[in-house]
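Notes for the one structure printed next.
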Amino acid sequence: MAHYPAAVTLVHAIEPSDLARKLAAPRVAGAPVPITFDGLDGQRLPLDDESVDTAAVTFTLCTVPDPDLAARELYRVLRPGGIVAFVEHGASPDPAVRKWQGRLNPLNRHLSGCRLDTATPQVFRRAGFELADERQYYLRGPIRSPACLHEGTAHKIRPGARSR
């Protein structure tokens, strides 16, 4: 929160975890900008259409019951030209790893509440975003299934603007 640029005047936080909210409370209290908690899972945002400039999505789409609905809500509240910066773990491009992700999903959902195989780039594209700076990679270590990361930016293109 200390890294927000001076142009940021308000942060709308969406956080489903009570524990995460509790852990963040001291940083929220000391943040240089007001931070409001405006939802639990991003599927229904109490914000006006095209009222937000930028959004950050970090390791949350895996826990949202309907990630497509959450991405459509982001698209709705972002102004034309708005950007979503994201980093998420999710579906592997490797069919063998993806197969293991599918096998491990029921156990992982029970233990942690998250899916291992959310196809983050496709979720944003289905919502109408254009992706840029897209990277996909694995964390170092012996287990690849939960460690496939997707990061980049999703752009809400201005009406009439040319696609990249």
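If you read the sequence from its start, that first residue is 1, and numbering goes on from there. Computation of the quantities below employed the complete heavy-atom set of this structure, encompassing side-chain atoms and omitting hydrogens, waters and symmetry-equivalent molecules.
- Taken to the nearest 0.5 Å, the NE2 atom of H12 stands 11.5 Å off from the CD1 atom of I35.
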Checklist entry - Stepwise, does the side chain to side chain contact (heavy atoms under 4.5 Å, CB included) test hold for T58 with F86? => result CA-CA 6 Å; T58 56; F86 65 88; over 6 Å; no
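- Under the 3.5 Å distance criterion, the side-chain polar atoms of D53 are left unmatched by any main-chain donor or acceptor of G82.
- R135 contributes no side-chain N or O that, together with a main-chain N or O of E151, makes up a donor-acceptor pair within less than 3.5 Å.
- Here the CG-CD distance, from L74 to Q43, works out to 11.5 Å after rounding to the nearest 0.5 Å.
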Next on the checklist: Using the rule given for side-chain hydrogen bond (donor to acceptor under 3.5 Å, both in side chains), can you reason through D94 versus S92, listing the C-alpha separation, both sets of side-chain angles and the distance that settles it, and then say yes or no?
Outcome noted: CA-CA 5 Å; D94 180 333; S92 170; 5.3 Å; no
Checklist entry - Would E134 and T120 count as a side chain to side chain contact (heavy atoms under 4.5 Å, CB included) if you check the C-alpha gap in whole Å, the side-chain angles of each, and the deciding distance to 0.1 Å? => result CA-CA 11 Å; E134 186 179 351; T120 300; over 6 Å; no
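- A salt bridge links K156 with E50: the closest approach of a Lys/Arg side-chain nitrogen to an acidic carboxylate oxygen falls below 4.0 angstrom.
- Without hydrogens or angle criteria, D48 side chain to S51 main chain gives no donor-acceptor distance under 3.5 Å.
- Note that CZ of R125 and CD of E130 are 9.5 Å apart. Values are rounded to the nearest 0.5 Å.
- By the 4.5 Å heavy-atom criterion applied to side chains, L78 and V84 are counted as neighbours.
- Within the 4.5 Å cutoff, the side chain of N108 has heavy atoms near those of the C114 side chain.
- At least one donor-acceptor pair closer than 3.5 Å links the side chain of R115 to the backbone N or O of L61.
- Taking the six-membered ring for Trp and thresholds of 30 and 60 degrees, Y75 and F129 have ring planes more than 60 degrees apart, a perpendicular arrangement.
- E88 CD to T63 OG1: the interatomic distance, rounded to the nearest 0.5 Å, is 8.0 Å.
- For E15 (side chain) and F37 (main-chain N/O), no donor-acceptor pair under 3.5 Å exists by modelled atom type.
- Considering only heavy atoms from C-beta on, D68 comes within 4.5 Å of R72 through its side chain.
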